[in-house]
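Worksheet: one structure, shown below.
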Amino acid sequence: LECELLGDACPPRKYLDVLRLARIVLEASFVALAARYAPGDIWHAFYHENDPITDSEYIKTVLTQAAVRIGFAPPIPDAFTMVKAPRLRAACHPKGGGGLNHLVAIALLLSARGHDHPIKQLARQDVGYLAILDQVIQPLNAAAHANAVAPQLKQVTELLQKVFEIEGAR
């Protein structure tokens with residue numbers, strides 16, 4: 001709202017701040033889902049004994065199959081299938097890390113294993129949901145970096161609208 005009121009006088013860093021906050025909102029939603037639908041040891045699918053599997057094609061195949069199994073239309077965005085095993089493992093822990101992409105990957109795996117996860121319901125509502133989520137996450141991730149280029153007000157407004165839609169669908 002402040003950005004809209006200021007118009008052209010709005011400092012570019014404000015736009016980036018808005019996008020960073022939108023990313024935090026989305027991430028918090030998926031963290032809450034991870035807490036509610038505890039991933040437990042789901043990360044074991046990407047480890048051999050105690051060593052992470054580094055074969056990115058294997059990881060991509062497993063996650064793509066999980067997404068398609070619950071109803072999403074391929075191609076599945078790389079953001080959710082080209083994840084690293086250690087970060088996926090970290091995202092499985094309550095105080096872990098891993099980020100939004102890894103939390104989405106966990107949700108896909110849990111849903112494919114039969115859990116009645118909300119992301120499965122989203123797949124039923126919109127088979128292209130992951131593509132929309134990816135379109136939103138990319139600029140939000142870019143805004144998180146210190147050297148990010150500030151978007152225009154129109155871009156920020158469109159992205160926020162999509163975040164609201166995603167949050168409303170979830």
Side-chain angles (χ1 to χ4, degrees), residues 16 19-149 159 162-163 165-167 169-170:
L16 291 172
L19 292 181
R20 289 178 185 121
L21 291 172
R23 183 177 188 274
I24 289 169
V25 167
L26 276 178
E27 196 163 283
S29 293
F30 279 93
V31 165
L33 286 174
R36 184 171 173 203
Y37 298 89
D41 63 355
I42 204 158
W43 54 270
H44 280 273
F46 303 104
Y47 274 73
H48 177 69
E49 296 178 2
N50 287 330
D51 297 323
I53 294 173
T54 58
D55 182 352
S56 60
E57 283 305 311
Y58 169 79
I59 294 171
K60 181 176 183 165
T61 300
V62 170
L63 289 168
T64 297
Q65 288 173 348
V68 171
R69 190 174 307 122
I70 62 172
F72 288 112
I76 306 303
D78 284 348
F80 310 123
T81 60
M82 298 297 288
V83 297
K84 304 288 184 201
R87 295 205 61 204
L88 191 71
R89 181 179 182 177
C92 287
H93 297 286
K95 302 237 182 212
L100 187 53
N101 298 355
H102 296 83
L103 292 165
V104 172
I106 289 169
L108 295 173
L109 291 169
L110 288 171
S111 294
R113 286 195 177 175
H115 293 269
D116 190 28
H117 197 283
I119 203 161
K120 189 182 286 186
Q121 296 165 5
L122 289 173
R124 287 185 206 121
Q125 293 172 9
D126 184 355
V127 297
Y129 173 82
L130 291 178
I132 294 167
L133 185 59
D134 185 47
Q135 289 172 356
V136 172
I137 289 175
Q138 284 183 22
L140 298 184
N141 284 344
H145 297 287
N147 61 350
V149 176
L159 281 171
K162 286 182 181 179
V163 169
E165 290 170 11
I166 288 168
E167 284 296 303
R170 201 188 54 70

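For clarity, every value in this text was computed on a predicted model and none was experimentally measured.
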Quick one: does Phe30's side chain get under 4.5 Å of Leu100's, heavy atoms only?
-> yes

Answer yes or no: is there a side-chain heavy-atom contact under 4.5 Å between Ile70 and Ile119?
-> yes

From Leu103 CG over to Arg87 CZ, what is the distance, rounded to the nearest 0.5 angstrom?
-> 10.0 Å

Scanning both residues in full, the closest heavy-atom pair of Ile106 with Pro39 reads CG2-CB, 3.5 Å

Taking all non-hydrogen atoms of both residues into account, name the closest pair between Ala107 and His117 and its distance.
-> CB-CE1, 3.5 Å

Could you pull out the closest heavy-atom pair between Val62 and Phe46, with the gap in Å?
-> CG1-CZ, 3.7 Å

Can you tell me how far CG of Asp41 sits from CZ of Arg89, rounded to the nearest 0.5 angstrom?
-> 10.5 Å

Could you give the distance from CG (Leu108) to CZ (Phe80), rounded to the nearest 0.5 Å?
-> 8.0 Å

Rounded to the nearest 0.5 Å, how far apart are CH2 of Trp43 and NE2 of His102?
-> 14.5 Å

Under 4.5 Å between any side-chain heavy atoms of Ile59 and Leu88, yes or no?
-> no

Distance in Å, Glu57 CD paired with Met82 CE, rounded so as to fall on 0.5 Å steps = 6.0 Å

Shortest non-hydrogen contact from Thr81 to Ile76?
-> CG2-CG2, 3.6 Å

Can you find a pair of side-chain heavy atoms, one from Leu122 and one from Leu133, that are under 4.5 Å apart?
-> no

List the steps and the verdict of side chain to side chain contact (heavy atoms under 4.5 Å, CB included) for Leu130 and Val104.
-> CA-CA 9 Å; Leu130 291 178; Val104 172; 4.0 Å; yes

How close do Val127 and Gly71 get, heavy atom to heavy atom, and via which atoms?
-> CG1-O, 3.2 Å

Does any non-hydrogen side-chain atom of Cys92 lie less than 4.5 Å from one of Ile42?
-> yes

How far does CG of Asp78 sit from OG of Ser56, to the nearest 0.5 angstrom?
-> 9.5 Å

Of all heavy-atom pairs linking Ala79 and Asn101, the shortest is O-CB, 3.2 Å

Under a 4.5 Å cut-off applied to non-hydrogen side-chain atoms, are Tyr37 and Ser111 in contact?
-> no

